[in-house]
J.: 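This is the structure I want to talk about, given as structure tokens.
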Amino acid sequence: MPLSGIKSRYLWRKCYHLLKSHRSLIDSRVGERRIWERTNFLAKNIPIAQAKDFTFVLPEEFRENAVAALQQKVFDKTIGVTLSPSIMLADAGSNFSIVARYPGKWRRYAKSIGANINPFSVLFWSRDVVAAYRQGIARYKILLQQNLPDIPHGHYGVIDGLTINAFNGFADKNTHCETFLTWFQGRFGHPHNWVIPVFPYDDYQDERVTISNEIFGKYPDADTFREFKASARKAIILSVCMFLTGRWQTAYLLPDIIDFYYIRHFPKDRLADLYAFTNSRYIHRPLWTYAAEQEGCGVALIFYATNTFNYMFRDEEPLGIAQGYPTMTWPVIHTKSQEHAEYLKQYAGPCEAIHVEGAIPFEDSLDEIKITGKRKVVIFDVQPFRDAFMAGIGRPCHVYNPQVSIDTILPILRLGKDMGLDLYVKPKRDVGTRISKAYMSVLRKAEEQGILTVLDWSVSPEKLSAQADAVICQPFTSAALYAKKFGKPVVFFDEPGFFEEGQPACQEVDIIYSEQELRKWLEGIFYESKTAA
């Protein structure tokens, strides 16, 4: 058989087993929970590093911080992205070999639960460490060139801002920050085209905001810059020596260490008053922020998401805590609701303060949009991924899979047609070809029939909620909070009947479970509106 034929046959077999495994996980309704159980077990029971692993590389007072940063980074990149899906597929009965990028203890654990490990997997952990080391070298070269922005002078704040709107309102509360630098480049972690900056950076003008693809500014003098170069070079050399003797931790954390020394030697009067991050990479707190915090800078996490609760199912055990939360070390967290604040207090790592800010915008194209009609109903959609895509990453989800989304939208479409509603669907984000074709076919057909309008995904939920007469959400998307903010009727529609009523994830929004209940709710809204008019 030609090589191409063998390759094609192997790929078909691999795809078949992936889909079969994925389906068994969905049918069992334990997919997400099993991932979290496995990941949390590994995070709690397998040591990542000790402070002594950073001896000779970092100042003594920052070695424990390096251990925390490494734990978060390994959890986010290695356990969460590679190890957990591999174990997941093994649990589901996949019978093809998996290439697992983790050290000996983790490979033995995977084998103990039935994972078929590729014999060359032992090489891949080293490969990941080398890749991180090369990333650190690249980061050093970027900083060495000093082709960096002129940061604002005086009191200013920096935000990991995929969009300006992530800190509208939040910025106003930080009155000590006269200006802001928004850093929109997703360095060292975002998969390609996964987190997309919606904001039209080239056209934006705001005297209070500087937009940059770099979070640090130029060194103002040569002497301190030489100190940074000396420390960074020492760290680069020592990380190689330690890696060759089996202590891989320093090489793996090298990009963080380079940034750490950049800030550590940076003039203190030129540091920002505040460094804030969004939860697009919430687990990993960069090592350099500990140095900034020691110099009196504020460090905060703006947690715009709320679909992270320990969900309470009707006929199942609770889902469990979100992966990685206990490893977080953010000193301050800003979040949307009191319910989410209480959740974070219970499950997140040590935190000095958690502030409730109300609805926090995240993405917006800044384009003007007007929805029309006498009975405007906005549906905030959780887009289902294709089964094959979810199978390929070992992340099955029986709550937001294509069939659930179709079963959820069809009753709304029927009611929209019967009641003469002006339906608008706002997709959560642009997921490209990963979205379910079957689900998109339902939306396109309804749009062709004039039953609904599919809006641009980049439009802010805040704009739409302000104009809507009623809002329908899938549980438990945070878009419901925008409707509450404007006093609009809002409900979670759980047609498959997954979730218990009154749980913290509801955030005081009711759940409706049937088409009949939804009709009654909509009739009450529009009947009362007509009477009042």
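Keep in mind that this is a model prediction, so the values were computed, not measured. Scope of the values below: all heavy atoms of this structure, side chains included, with no hydrogens, waters or symmetry mates.
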J.: Which residues pass the ring pair (Phe, Tyr, Trp, His ring centres under 6.0 Å) test with Phe243, sequence neighbours left out?
T.: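 Listed in chain order: nothing, the list is empty.
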J.: What closest approach, in Å, do Val382 and Gln474 show between heavy atoms, and which atom pair accounts for it?
T.: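 Result for this residue pair: N-OE1, 3.2 Å.
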J.: Return yes if some donor-acceptor pair links the side-chain N/O of Thr55 with the main-chain N/O of Lys52 below 3.5 Å, else return no.
T.: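 Checking the backbone N and O of Lys52 against the side chain of Thr55, a donor-acceptor pair under 3.5 Å is found.
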J.: Please set out all donor-acceptor pairs under 3.5 angstrom arising from side-chain atoms of residues 289-300, sequence neighbours excluded.
T.:
| from | atom 1 | to | atom 2 | distance (Å) |
| --- | --- | --- | --- | --- |
| Thr289 | OG1 | Arg285 | NE | 2.7 |
| Thr289 | OG1 | Pro286 | O | 2.6 |
| Tyr290 | OH | Thr329 | OG1 | 2.4 |
| Glu293 | OE1 | Arg285 | NH2 | 2.7 |

J.: Can you give each donor-acceptor pair under 3.5 Å made by side-chain atoms of residues 57-67, sequence neighbours left out, with the distance rounded to 0.1 Å?
T.:
| from | atom 1 | to | atom 2 | distance (Å) |
| --- | --- | --- | --- | --- |
| Glu61 | OE2 | Arg264 | NH2 | 3.4 |
| Arg63 | NE | Leu58 | O | 3.1 |

J.: Show the nearest heavy-atom pair for residues Asp256 and Lys73, with the distance to one decimal.
T.: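 Here Asp256 and Lys73 meet closest at OD1-NZ, 3.2 Å.
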J.: Using the side-chain contact (heavy atoms from CB on, under 4.5 Å) rule, take Ile435 and Phe385 through it: C-alpha gap first, then chi angles, then the decisive distance, then the call.
T.: CA-CA 4 Å; Ile435 194 167; Phe385 291 96; over 6 Å; no
J.: Kindly say whether the aromatic ring centers of Phe476 and Tyr311 come within a distance under 6.0 Å.
T.: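 Phe476 vs Tyr311: aromatic centres under 6.0 Å.
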J.: Taking only residues two or more places apart in sequence, or in another chain, which ones meet Phe380 in a ring pair (Phe, Tyr, Trp, His ring centres under 6.0 Å)?
T.: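 Residues passing ring pair (Phe, Tyr, Trp, His ring centres under 6.0 Å) with Phe380: none at all.
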J.: Return the set of residues passing salt bridge (charged side-chain N to carboxylate O under 4.0 Å, His left out) with Lys345 (not counting sequence neighbours), or none when no residue passes.
T.: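 Partners of Lys345 by the salt bridge (charged side-chain N to carboxylate O under 4.0 Å, His left out) criterion, ordered by chain and then number, come out as Glu342.
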J.: Could you pull out all residues at least two apart from Ser478 that satisfy side chain to side chain donor-acceptor pair (under 3.5 Å)?
T.: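 Ser478: side chain to side chain donor-acceptor pair (under 3.5 Å) contacts with Lys336.
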J.: Closest approach of Ala232 and Ile258, non-hydrogen atoms and distance?
T.: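 Looking at all heavy atoms of both residues, the closest pair is CB-CD1, 3.9 Å.
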J.: Which atom pair, heavy atoms only, marks the closest approach of Tyr219 to Phe266?
T.: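 The pair with the smallest heavy-atom distance is OH-N, 3.3 Å.
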J.: Checking Tyr347 now: which residues fulfil ring pair (Phe, Tyr, Trp, His ring centres under 6.0 Å) with it, not counting sequence neighbours?
T.: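 Listed in chain order: Tyr343.
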J.: Does Glu462 form a side-chain contact (heavy atoms from CB on, under 4.5 Å) with Lys485? I'd like the steps, not just the answer.
T.: CA-CA 9 Å; Glu462 187 173 20; Lys485 174 182 176 181; 2.4 Å; yes
J.: Could I get the full list of side chain to side chain donor-acceptor pair (under 3.5 Å) partners for Tyr275, not counting sequence neighbours?
T.: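 So Tyr275 forms no side chain to side chain donor-acceptor pair (under 3.5 Å) with any residue.
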J.: What pairs with Gln71 under side-chain contact (heavy atoms from CB on, under 4.5 Å), at least two apart in sequence or on another chain?
T.: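 Partners of Gln71 by the side-chain contact (heavy atoms from CB on, under 4.5 Å) criterion, ordered by chain and then number, come out as Ile48, Thr327.
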J.: For Lys268, look at atom NZ and say whether over 12 heavy atoms of other residues, nucleotides or ligands are found less than 6.0 Å away.
T.: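 Enclosed.
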J.: Among residues at least two apart in sequence or on other chains, which ones pass salt bridge (charged side-chain N to carboxylate O under 4.0 Å, His left out) with Asp223?
T.: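 In terms of salt bridge (charged side-chain N to carboxylate O under 4.0 Å, His left out), with neighbours along the sequence ignored, Asp223 is linked to Arg226.
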J.: Centroid separation under 6.0 Å, is that true for the rings of His334 and Phe303?
T.: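 They do not qualify: ring centres at least 6.0 Å apart.
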J.: Measure the spacing between CD1 of Ile354 and CD of Gln338 and express it to the nearest 0.5 Å.
T.: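 Result: 9.5 Å between the selected atoms.
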J.: Measuring from Trp330:CH2 to Leu344:CG, what's the distance to the nearest 0.5 Å?
T.: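 Nearest 0.5 Å value for the CH2-CG distance: 13.0 Å.
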J.: Taking side chain as C-beta onward, heavy atoms only, is Phe54 less than 4.5 Å from Met242?
T.: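 No - every pair of side-chain heavy atoms lies 4.5 Å or more apart.
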J.: Examine distances only and state if a side-chain atom of Gln146 and a backbone atom of Leu143 form a donor-acceptor pair shorter than 3.5 Å.
T.: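 Looks like yes, one N/O pair under 3.5 Å.
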J.: At their closest point, which heavy atom of Ala251 faces which heavy atom of Pro255, and how far apart are they?
T.: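 Smallest interatomic distance, heavy atoms only, reads O-CD, 4.5 Å.
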J.: Would you say that Thr250 contacts Leu238 through its side chain, given a criterion of any heavy-atom pair below 4.5 Å between the two side chains?
T.: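 Counting from C-beta outward, Thr250 and Leu238 never come under 4.5 Å.
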J.: Are Val332 and Leu301 packed together at the side-chain level, in the sense that at least one heavy-atom pair is separated by less than 4.5 angstrom?
T.: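 No. Closest side-chain heavy atoms not under 4.5 Å.
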J.: Could I get the full list of side chain to side chain donor-acceptor pair (under 3.5 Å) partners for Asn401, not counting sequence neighbours?
T.: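 By the side chain to side chain donor-acceptor pair (under 3.5 Å) rule, Asn401 matches no residue at all.
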J.: So, the side chain of Arg386 versus the backbone of Thr433: is there a donor-acceptor pair under 3.5 Å, distance only?
T.: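 Yes: the side chain of Arg386 pairs with the backbone of Thr433.
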J.: Do the non-hydrogen side-chain atoms of Ile142 and Asn147 ever get within less than 4.5 Å of each other?
T.: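 No. Closest side-chain heavy atoms not under 4.5 Å.
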J.: Taking only residues two or more places apart in sequence or in another chain, which ones pass side chain to side chain donor-acceptor pair (under 3.5 Å) with Gln383?
T.: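 Partners of Gln383 under the side chain to side chain donor-acceptor pair (under 3.5 Å) test: none.
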J.: Run the side-chain contact (heavy atoms from CB on, under 4.5 Å) test on Leu144 and Lys229 for me, step by step, so that the C-alpha distance in whole Å, both residues' side-chain angles and the decisive distance to 0.1 Å come before the verdict.
T.: CA-CA 8 Å; Leu144 201 62; Lys229 289 192 290 184; 3.1 Å; yes
J.: With side chains defined as the heavy atoms from C-beta onward, is the minimum distance between Ile333 and His355 less than 4.5 Å?
T.: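 Ile333 vs His355: side chains apart.
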J.: Are Trp288 and Tyr261 close enough that their ring centers fall under 6.0 Å?
T.: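 Not under 6.0 Å, so no.
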J.: Contact between Pro267 and Pro220 at the side-chain level, heavy atoms closer than 4.5 Å - yes or no?
T.: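 Heavy-atom side-chain distance check passes, below 4.5 Å.
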J.: Locate the shortest heavy-atom distance separating Tyr133 from Leu254; write the atom from each residue and the value.
T.: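 Answer, listing the atom of Tyr133 first, then Leu254: CD1-CD2, 3.4 Å.
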J.: Under 3.5 Å, side chain of Asp53 to main-chain N/O of Gln50, donor-acceptor pair present?
T.: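 Answer holds: yes.
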J.: Should Lys234 and Phe56 count as side-chain neighbours, where that means a heavy-atom distance under 4.5 Å?
T.: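 With C-beta onward as the side chain, the pair stays apart.
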J.: Do NZ/NE/NH1/NH2 and the carboxylate oxygens of Asp381 and Lys426 come within less than 4.0 Å?
T.: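 Salt bridge between Asp381 and Lys426, a charged N being under 4.0 Å from a carboxylate O: no.
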J.: Quick one: are Asp259 and Tyr140 in side-chain contact, heavy atoms under 4.5 Å?
T.: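 No; the side chains remain at least 4.5 Å from each other.
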J.: Under the side chain to side chain donor-acceptor pair (under 3.5 Å) criterion, do Ser231 and His265 qualify, and how do the steps go?
T.: CA-CA 9 Å; Ser231 297; His265 293 289; 2.8 Å; yes
